[in-house]
2 protein chains.
Amino acid sequence: MMITPVFLRMFPAMRVKITGLDPHQQYYIAMDIVPVDNKRYRYVYHSSKWMVAGNADSPVPPRVYIHPDSLASGDTWMRQVVSFDKLKLTNNELDDQGHIILHSMHKYQPRVHVIRKDFSSDLSPTKPVPSGDGVKTFNFPETVFTTVTAYQNQQITRLKIDRNPFAKGFRDSGRNRTGLEAIMETYAFWRPPVRTLTFEDFTTMQKQQGE
Amino acid sequence: MMITPVFLRMFPAMRVKITGLDPHQQYYIAMDIVPVDNKRYRYVYHSSKWMVAGNADSPVPPRVYIHPDSLASGDTWMRQVVSFDKLKLTNNELDDQGHIILHSMHKYQPRVHVIRKDFSSDLSPTKPVPSGDGVKTFNFPETVFTTVTAYQNQQITRLKIDRNPFAKGFRDSGRNRTGLEAIMETYAFWRPPVRTLTFEDFTTMQKQQGE
DNA sequence: TGTTTGACACCTAGGTGCTAACAT
DNA sequence: ATGTTAGCACCTAGGTGTCAAACA
């Protein structure tokens with residue numbers, strides 16, 4: 001499943017800097033993702049815009065991504081940039097891996113929660129985040145995004161190819177090469193054994209020398 | 001750096017099953033590795049034995065491997081097999097990655113520590129494990145091993161090649177193949193372009209059919 | 001028709017023993 | 001002479017977009 005940010009962010013991963021915690025207090029930090037509205041969307045090419053295309057699909061089980069550095073002291077949290085790059089999304093409503101479940105073609109808002117340890121007794125990926133005095137929740141409207149299963153917009157594709165290390169294979173310099181071609185490039189001067197030199201070899205070599 | 005177990009264990013990784021904890025209490029579980037004696041060893045081929053070869057090198061900074069599932073409840077610890085397969089060793093006395101530092105050619109005993117949370121204020125990879133009522137330490141004499149930088153014993157080599165998934169490339173079926181040969185095997189029927197079929201191709205093909 | 005899925009080649013990241021060169 | 005190191009090919013494990021086929 002892929003994500004198309006509409007107002008940017010979410011890729012690169014959402015990252016936050018935290019201040020104002022009690023350095024000696026213990027905290028969880030967590031993220032969940034809630035629907036922005038009750039609509040389903042479709043992408044209209046000629047206007048390059050998302051348009052309402054009916055009502056939202058039925059709600060899915062709420063999931064919470066508990067940041068893997070949890071539990072940690074306020075001191076520890078404040079000393080680092082907290083990144084959510086390990087958060088995983090799925091459109092499989094039966095997911096049992098604790099991933100965050102979303103509908104495709106819907107608009108979502110990520111939320112960051114800072115939860116005092118002494119306040120929360122049983123934080124779990126499959127339970128809603130508690131609310132109250134010991135919990136602070138943050139919304140960043142610029143991180144709203146629309147989910148897709150295939151990219152709707154070539155600029156998003158290029159952004160992710162250019163920025164995501166794992167998509168390096170699709171960057172321009174690596175394009176249009178089959179597996180074999182890439183390999184033979186490495187062994188540029190290798191020739192198969194038990195072969196005799198033929199006319200083609202000389203012309204090839206001469207061309208390479210001339211370049 | 002490699003490890004040669006003398007009485008077996010340590011590879012596969014040391015794994016323990018824990019019982020008798022208070023299910024609702026929080027615990028750390030940790031491992032450290034202490035010298036068995038004050039000696040340095042060498043391996044004598046003709047007798048296939050480790051022999052004393054002088055006194056031990058000067059002591060190195062003590063390090064502790066805190067199991068990554070720490071902190072967890074007694075209930076959580078007892079419900080799983082606790083594996084130490086992520087523990088890393090080094091012979092670099094200046095290591096600043098928190099790895100466990102050992103001398104080569106010395107004999108060592110791994111120890112497992114179960115530490116009640118309310119007992120330990122500041123557990124750290126670079127501080128010795130505290131001792132007292134809230135800490136239980138376990139030695140398994142069959143896990144004593146001797147450190148090496150190159151294998152001294154072909155049986156150990158074979159054991160590790162056979163059992164460690166990451167050494168699969170050295171198993172018999174994959175041996176004696178260069179990188180290119182392995183690749184060409186995959187593209188068994190591929191022939192370089194712009195080449196004409198020669199006599200050698202026919203004899204090769206006939207041999208393959210005959211086998 | 002639009003959307004969704006699964007196989008695929010291509011990457012990152014890092015754990016293996018092998019080997020030749022180096023150190024002591 | 002023996003012990004150690006660094007580069008290497010070979011793996012595991014898993015994150016990318018692409019593409020063709022399946023889907024609804």
Checklist entry - Is the closest side-chain heavy-atom distance between Tyr28(A) and Leu71(A) below 4.5 Å? => result yes
Checklist entry - To the nearest Å, how far apart are Lys86(B) NZ and dA13(D) C1'? => result 11 Å
With a cut-off of 3.5 Å and sequence neighbours excluded, list every side-chain donor-acceptor pair involving residues 38-45 of chain A.
| residue | atom | partner | partner atom | Å |
| --- | --- | --- | --- | --- |
| Lys39(A) | NZ | Asn55(A) | OD1 | 3.1 |
| Arg40(A) | NH2 | Asp57(A) | OD2 | 3.4 |
| Tyr41(A) | OH | Asp37(A) | OD2 | 2.4 |

Item to check | Pairs where residues 82-95 of chain B contributes a residue and the test salt bridge (charged side-chain N to carboxylate O under 4.0 Å, His left out) is met, not counting sequence neighbours | outcome: Arg63(B)-Asp95(B)
Checklist entry - Atom CG of Asp57(A) to atom P of dA24(D): distance rounded to whole Å? => result 14 Å
Item to check | Length of the line joining Asp85(B):CG and dT12(D):C1', which is rounded to integer Å | outcome: 13 Å
Nucleotide N/O of nucleotides 3-7 of chain D paired with protein N/O under 3.5 Å:
| residue | atom | partner | partner atom | Å |
| --- | --- | --- | --- | --- |
| dT4(D) | OP2 | Ser104(B) | OG | 2.9 |
| dT4(D) | OP2 | Thr149(B) | OG1 | 3.0 |
| dT5(D) | OP2 | Asn91(B) | ND2 | 2.7 |

Checklist entry - Now, which nucleotide makes the Watson-Crick or G-U wobble pair with dA20(C), with each of the two distances under 3.5 Å? => result dT5(D)
Item to check | Interatomic distance where NE2 belongs to His99(A) and P belongs to dG14(D) [whole Å] | outcome: 11 Å
Item to check | Atom pair distance, as rounded to whole Å: CG in Asp162(B) and P in dG17(C) | outcome: 11 Å
Next on the checklist: Nearest whole Å is fine: how far is dT18(D) P from Lys168(A) NZ?
Outcome noted: 18 Å
Item to check | For dC23(D), the Watson-Crick or wobble counterpart (both distances under 3.5 Å) | outcome: none
Checklist entry - Among all residues two or more places apart in sequence or in another chain, which pass the side chain to side chain donor-acceptor pair (under 3.5 Å) test with Thr126(B)? => result Ser124(B)
Checklist entry - Nearest of dG17(D), dA9(D), dT12(D) to any side-chain atom of Pro165(B)? => result dT12(D)
Checklist outcome for this item: Contacts of Phe166(B) and Phe166(A) projected onto DNA chain D by closest heavy atom; the upstream (5') one is Phe166(B)
Next on the checklist: What is the distance, to the nearest angstrom, from the CD atom on Glu93(A) to the C1' atom on dT4(C)?
Outcome noted: 14 Å
Checklist entry - Counting side-chain heavy atoms from C-beta on, which of dT16(C), dG17(C), dG17(D) comes nearest to Asn164(B)? => result dT16(C)
Checklist entry - Touch check for Lys88(A), heavy atoms < 4.0 angstrom, all strands: base, sugar-phosphate only, or nothing? => result sugar-phosphate
Next on the checklist: For Tyr65(B), give me all partners under ring-ring contact (aromatic ring centres under 6.0 Å, His included), at least two apart in sequence or on another chain.
Outcome noted: none
Item to check | Separation of atom NZ in Lys160(A) from atom C1' in dC11(C), rounded to whole Å | outcome: 16 Å
Checklist entry - Who pairs with His106(B) by ring-ring contact (aromatic ring centres under 6.0 Å, His included), at least two apart in sequence or on another chain? => result His103(B)
Next on the checklist: Quick check against the 3.5 Å criterion: does Trp50(A) have a side-chain atom that pairs as donor or acceptor with the backbone of Thr146(A)?
Outcome noted: no
